[in-house]
2 protein chains.
Amino acid sequence: MPRNDKKMKNSQLYKGSLNTIIMKLLEENGKMYGYEITQKVKGITQGELNITEGALYPALHKLEAEGLLDVEIEKVDNRMRKYYKLTESGQKETVNRLSELEDFIRNMQSLVNPSPKLEF
Amino acid sequence: MPRNDKKMKNSQLYKGSLNTIIMKLLEENGKMYGYEITQKVKGITQGELNITEGALYPALHKLEAEGLLDVEIEKVDNRMRKYYKLTESGQKETVNRLSELEDFIRNMQSLVNPSPKLEF
DNA sequence: TATTATGTATAAGAATCTTATGTATATTTG
DNA sequence: CAAATATACATAAGATTCTTATACATAATA
């Protein structure tokens, strides 16, 4: 009966990174639909990151409301798909978000793996 | 009049990483007090990450309540300091958290910087 | 025929953080 | 010397993001 019994062991660390992930994937692939994004992320992370629908769809709607994404509905095999792509504004913002992500990763690496103290 | 005018441009990306940062610093430095942690993080990240008290102190209290940290109060220069250190349980958990962080960083790098498609 | 996969959606609640305060002492600056 | 800044802890209200659960619907598979 339970339709969704896949265990999400996603650590709290991923919190806050979903928007950046979505925008990066759209920048790379032109247009994608929600379900496709979840599968793509699962593939790239070898099953380690499973985006839940409860997180994904509200995020997509919000990015659209902010004018960063455009949507285009298609019907494939009698099933609805909502393709999202970056707007011009979204493309510019993606550059900023990716830059922030690089800073973030660099900072986290500095914290976790501090450069060894110089000895003389 | 405004006592706290430092701008926190911290992106949402850091959300969820505070506990891991705290535990790693304690693992590295033995014992630290709250204010010291904020200054250390600011230093390591060259001012890019400023932990707010509103995030830090509740996090420390929670880690203590979970049995991962021990606290020890000292008075220095007539000012109170609460030194925190990892419990045994906290040390074990730190290993897990750091492992999770490494996975997280690796996955984010895979997403942002995908290995180029092989061409023949 | 029942389950799994595909596909989108929302609501309730949890977790984490920002912002704004509050309290107190020490040090530095105008 | 008075005011501002630095040091040091604390909490409450609200925002944001996510998990969990549920809902609906069609296609493919067991």
Side-chain angles (χ1 to χ4, degrees), chain A residues 1-22 31-43 49-66 69 71-84 97 104, chain B residues 1-22 31-43 49-66 69 71-84 97 104:
Chain A
M1 198 65 97
R3 168 256 185 122
N4 190 359
D5 43 315
K6 51 189 165 184
K7 287 286 173 296
M8 301 285 171
K9 62 171 179 66
N10 296 345
S11 85
Q12 295 285 36
L13 293 169
Y14 292 92
K15 195 175 287 247
S17 58
L18 179 56
N19 287 332
T20 304
I21 291 172
I22 291 171
K31 65 174 192 177
M32 298 180 82
Y33 55 101
Y35 186 76
E36 185 184 11
I37 292 174
T38 66
Q39 300 308 301
K40 189 79 174 179
V41 168
K42 189 184 293 187
L49 177 53
N50 289 291
I51 298 176
T52 58
E53 306 101 310
L56 178 67
Y57 292 113
L60 287 171
H61 301 160
K62 184 154 183 267
L63 289 171
E64 189 193 350
E66 289 167 349
L69 301 188
V71 67
E72 184 189 327
I73 300 182
E74 275 186 40
K75 202 149 195 176
V76 179
D77 278 334
N78 210 30
R79 273 200 239 89
M80 180 176 56
R81 280 185 190 170
K82 290 180 75 173
Y83 278 97
Y84 290 90
R97 305 277 179 114
F104 168 65
Chain B
M1 197 62 101
R3 165 261 187 124
N4 188 358
D5 43 315
K6 51 188 166 184
K7 286 287 174 297
M8 300 286 171
K9 62 171 180 65
N10 295 345
S11 83
Q12 296 284 37
L13 293 170
Y14 293 92
K15 193 176 288 249
S17 58
L18 180 55
N19 287 333
T20 304
I21 291 172
I22 291 171
K31 65 173 189 177
M32 300 180 80
Y33 56 100
Y35 187 75
E36 186 184 11
I37 292 174
T38 67
Q39 300 308 301
K40 189 81 173 177
V41 168
K42 190 186 291 189
L49 178 52
N50 290 290
I51 296 177
T52 59
E53 306 101 312
L56 178 67
Y57 292 114
L60 288 171
H61 300 159
K62 185 156 184 262
L63 288 170
E64 189 194 351
E66 289 168 349
L69 301 188
V71 67
E72 185 188 327
I73 299 182
E74 275 187 39
K75 202 149 194 175
V76 180
D77 279 335
N78 209 31
R79 274 200 239 90
M80 180 179 56
R81 280 185 189 172
K82 290 180 73 172
Y83 278 97
Y84 289 91
R97 304 275 179 117
F104 167 65

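By convention in this document, chain letters (A, B, ...) are assigned in the order of the sequence lines, proteins followed by strands, and residues within each chain are numbered from 1.
- With sequence neighbours excluded, the residues satisfying side-chain hydrogen bond (donor to acceptor under 3.5 Å, both in side chains) with B/E74 are B/K31.
- Using a 4.0 Å heavy-atom distance criterion, A/T38 is classed as making no nucleic acid contact.
- Between B/G54 and B/Q39, it is B/Q39 whose nearest contact on DNA chain D lies nearer the 5' terminus.
- A 4.5 Å side-chain heavy-atom check between B/I22 and B/I51 finds every atom pair outside the cut-off.
- Rounding to the nearest 0.5 Å places OG1 of A/T20 at 5.0 Å from CG of B/L13.
- Distances were taken from every side-chain heavy atom of A/K15 (C-beta onward) to each of D/dT19, C/dC17, C/dA15; the shortest belongs to C/dA15.
- To the nearest 0.5 Å, the span separating CD on B/Q12 from CZ on A/F104 amounts to 11.5 Å.
- Note on A/L18: only backbone sugar-phosphate atoms sit closer than 4.0 angstrom, heavy atoms only; bases stay farther off.
- Listed nucleotides D/dT19, C/dT10, D/dA6 differ in distance to B/Y35; the shortest reach to its side chain belongs to D/dA6.
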Below 3.5 Å between N/O atoms, which protein atoms pair up with nucleotides 28-30 of chain D? Just atom names and distances, please.
none

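- OP1 or OP2 of C/dA26 lies within a sub-4.0 Å distance of a side-chain N or O belonging to B/N78.
- Nearest nucleotide to the B/Y57 side chain, out of C/dT8, D/dC18, D/dC9: D/dC9.
- Judged by closest nucleotide on DNA chain D, B/K82 is the one of B/K82 and A/A59 placed further toward the 5' end.
- For B/K75, no side-chain nitrogen or oxygen approaches OP1 or OP2 of C/dT25 to under 4.0 Å.
- Counting only heavy atoms from C-beta on, A/K62 has its side chain closest to D/dT17 among C/dA15, C/dT10, D/dT17.
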